[in-house]
There are 2 protein chains.
Amino acid sequence: MDEIIKCDHTGRMSGDERREQILRAAVELFSQHGFKGTTTKQIAAASGVSEAMVFRHFATKDELYGAIIHAKACIDGVNKFPWDGDPVVLKALAEKDDHAFFAGVALAALNKHQEDVAFMRLLFYSALEEHDLAERFFHEFVEQVYEFLGGYIERRQKDGVFRAVDPRIVVRSFLGMLIHHSLNNILWDKNRVILDIPNEEAAKNFADILLRGVSAGNSEAKRK
Amino acid sequence: MDEIIKCDHTGRMSGDERREQILRAAVELFSQHGFKGTTTKQIAAASGVSEAMVFRHFATKDELYGAIIHAKACIDGVNKFPWDGDPVVLKALAEKDDHAFFAGVALAALNKHQEDVAFMRLLFYSALEEHDLAERFFHEFVEQVYEFLGGYIERRQKDGVFRAVDPRIVVRSFLGMLIHHSLNNILWDKNRVILDIPNEEAAKNFADILLRGVSAGNSEAKRK
DNA sequence: AAAGATAGTGAGTGCTTACTTACTTTTAAC
DNA sequence: GTTAAAAGTAAGTAAGCACTCACTATCTTT
């Protein structure tokens, strides 16, 4: 009869609601202090419940970590490219508009990094601590990015637009620019002392440098 | 009279010797498991002494970490560029041989990263855990790299050889290629599944892409 | 209103942590 | 050869850790 939306953060919650809240708190804390640097007590406090409740939902701390991986991988879409469905990128891809394509990919990636700092930090912690997330992320996501971007570059090489370089080196260079830029903003230069530019500008510049860097030369044809 | 060199690793050591051994063990362990993931018991065991000895040399775990920072920063030369004193880079710098310069810088950096994986990991842990090392490294090293490389780029722009781009973006792109490549090899793709090339080749390719990417062009500019 | 299920807790468990104390062994200077 | 400093340790300590258990409060179903 009365289907009141439960938005009170204080009282008793349904199992699923509480489970998600614990998960959210754990993501935040693990991303801030790492797996070993976060205590179950902290997680309980951040979720507004007793420690016992945390262990009712997740048998061990490791299982909680595993659930985070699952949630991030399946729901949040680790398997999905940040530029998936982006009309600008899609159009550029179809029309072989190199600059729009690489700038679009770059912008989508930079925006994603900026929006989900917690996930970025989690990813780096998991790589250092050698948890599953890092390996999984690498195989399920990074390798596909190399395939996708590398494939595009290969096609453009066949078109005679890009010069002959190992496409994987080109992808590495490009991802290097993007990820290093985001990493700088997240980890080292949070106040953007060295370089403070909007993502749009950064994306354009990175795409520009890369494309000029791999173009077959200006005298030749551009499009086939 | 008898000045026998002490090289036995088993028996009693002088204070300084033991201190250094503890430091070495701590560097290795902190770089592997992070600050919070390493116990003083582990450090003691790895140094071949009791835990009490660790605390005789370093009053707290934090002080031990501080000593590592100091050692890495002052002795190991965080303030020094990996390419400092490199004859190839020096010659290229004097002769304004752009490709030799950037390839030389890249190679020196990549080699340094490969040789001192422990330091790289320590640096990333400290950035995530927000210890002093990260901030110090940034201010005492990274900012100088931007100044050094940015200065070179600026000069070449005045020479009319490089096109007009914010030099800091160029530096970020270049460092991005280098650091991301090393990071990939250290953290994610240890078996070099995606890309397995010697540092020389990587350095050449990165320099190549960057230089073509920022060159003023032999006939005409491309955009704008 | 009774009953069963579920949300929730306080007060533990045994183990590990960073750090200490009281004590013994080795070295070296006189 | 005595002695005093320095190298070294075994056996602690209190606090903190992941995790448990016995129990209560609240909701839902009938």
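As a basis for the values below, the full set of heavy atoms in this structure was taken, side chains included, without hydrogen atoms, waters or symmetry mates. Residue numbers start from 1 in every chain, and the chains themselves are labelled A, B, ... in the order their sequence lines are given, proteins ahead of strands.
Across all strands, B:Val54 comes closer than 4.0 Å to no nucleic acid atom at all (heavy-atom distances).
Atom CE in A:Met13 sits about 15 Å away from atom C1' in D:dT26, given to the nearest Å. Nucleotide D:dA6 holds its P atom 12 Å from the CG atom of B:Asp16, rounded to whole Å. Straight-line distance from the CD1 atom of B:Ile22 to the C1' atom of D:dG8: 11 Å, rounded to whole Å. Atom CE in B:Met53 sits about 14 Å away from atom C1' in D:dA10, given to the nearest Å. A:His57 places its NE2 atom 7 Å from the P atom of C:dG8, with the value rounded to the nearest Å.
The pair A:Lys190-B:Glu130 meets the salt-bridge criterion, with a side-chain N (NZ, NE, NH1 or NH2) lying under 4.0 Å from an Asp/Glu carboxylate O.
Looking at A:Arg12, its side chain comes within 3.5 Å of the base of C:dT6 through a donor and an acceptor atom.
Not counting sequence neighbours, B:Lys41 has no partner by the salt bridge (Lys or Arg N to Asp or Glu O under 4.0 Å) test.
Every pair passing salt bridge (Lys or Arg N to Asp or Glu O under 4.0 Å) that includes a residue from residues 165-176 of chain A is listed here, sequence neighbours excluded: A:Asp166-A:Arg168.
Aromatic rings from A:Tyr125 and A:Phe30 are positioned such that their centres are separated by 6.0 Å or more.
Relative orientation of the B:Tyr152 and B:Phe101 rings is parallel, given thresholds of 30° and 60° on the angle between their planes.
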Check your understanding: Which letters describe nucleotides 12-22 of chain D, given B = protein heavy atom under 4.0 Å from base, S = only from sugar-phosphate, - = neither?
Key -> -----SBBBB-
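Using a 4.5 Å heavy-atom cutoff, the side chains of A:Leu195 and B:Tyr146 are not in contact.
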